[in-house]
Amino acid sequence: TAGITQAPTSQILAAGRSMTLRCTQDMRHNAMYWYRQDLGLGLRLIHYSNTAGTTGKGEVPDGYSVSRANTDDFPLTLASAVPSQTSVYFCASSDGTEAFFGQGTRLTVV
Amino acid sequence: RKEVEQDPGPFNVPEGATVAFNCTYSNSASQSFFWYRQDCRKEPKLLMSVYSSGNEDGRFTAQLNRASQYISLLIRDSKLSDSATYLCVVNLPGANNLFFGTGTRLTVIP
């Protein structure tokens, strides 16, 4: 079973460039999330979506945008990357009880 | 103030030892509580949910104290394979958001 899939698994991106991190789930979960994980800071919520067609801001939304056109996909876009966005990004989905995570995307902005 | 706070450790314990982690949360209306495990360079995965009455799964015991707003995880007879980072997770009401603590790193030493 696929579960939740992220792409790419890693990327080096020049500052100022844009990029979209992809996230797809096949569990038909309504809720989806994007987190970034940095050493010493743990997982911080960037954006979330409770259901298709709706999104909300998390703890650290600045510099990121999301869309939820359908239940399965929840892409995260960096419009103009900055070095402080170097991080490991995790997408997750939830059935209201347990959250399932993708394998993560390691992004380095140089 | 962060929604969820944990002692980051690290905890270095010998095989066979008993170790306990605590986590505090700030929102008294929090509804659901979990412990996740994250191995190095991997995604977090659910270890166990935490119920009001306390619950046990083999060597692992989770407790919830709503009055003091903390949850705990007890690991008995530690194994080398228990080495990981343990994340405390709280589900806030309404927004269906999962908030993570920064994690407690455990290393079990032979």
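In this text the structure is predicted, and so the values were computed from the model without any measurement. Atoms considered below: every heavy atom in the structure, side chains included; atoms not considered: hydrogens, waters and symmetry mates. Labels below follow one simple rule: chain letters A, B, ... track the order of the sequence lines, proteins then strands, and each chain is numbered from 1.
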Item to check | Pairwise distance CG(Leu98(B)) to OH(Tyr48(A)) - rounded to 0.5 angstrom | outcome: 12.0 Å
Next on the checklist: Counting only heavy atoms not in Arg76(B) (residues, nucleotides, ligands), do more than 12 fall under 6.0 Å from its CZ?
Outcome noted: yes
Checklist entry - Can you check side chain to side chain donor-acceptor pair (under 3.5 Å) on Gln37(A) and Gln38(B), steps first, answer last? => result CA-CA 12 Å; Gln37(A) 188 172 35; Gln38(B) 186 174 24; 2.8 Å; yes
Checklist entry - Once you round to the nearest 0.5 Å, how far does OG1 of Thr102(B) lie from CG of Leu39(A)? => result 10.5 Å
Checklist entry - If Ile, Leu, Val, Met, Phe, Trp and Tyr residues are connected whenever their side-chain heavy atoms lie under 4.5 Å apart, and connections chain through other members, are Tyr70(B) and Leu64(B) in the same group? => result no
Item to check | Rounded distance [0.5 Å steps], CZ in Phe99(B) versus CD in Glu59(A) | outcome: 6.5 Å
Checklist outcome for this item: When the 4.5 angstrom heavy-atom criterion is applied to Pro8(B) and chain A, the contacting part is neither
Checklist outcome for this item: To the nearest 0.5 Å, atom CD of Glu98(A) lies from atom NZ of Lys45(B) at 10.5 Å
Checklist entry - Using a cut-off of under 4.5 Å for heavy-atom pairs, which of Ala99(A), Ala92(A), Gly56(A) has the most such pairs with chain B? => result Ala99(A)
Checklist entry - Honestly curious: do Tyr33(A) and Tyr64(A) fall in one hydrophobic cluster under the side-chain, below-4.5 Å linking rule? => result no
Item to check | Closest heavy-atom pair and its distance - Phe90(A), Lys42(B) | outcome: CZ-O, 3.7 Å
Item to check | Considering all heavy atoms, the nearest Phe100(B)-Leu43(A) contact | outcome: CD2-CD1, 3.5 Å
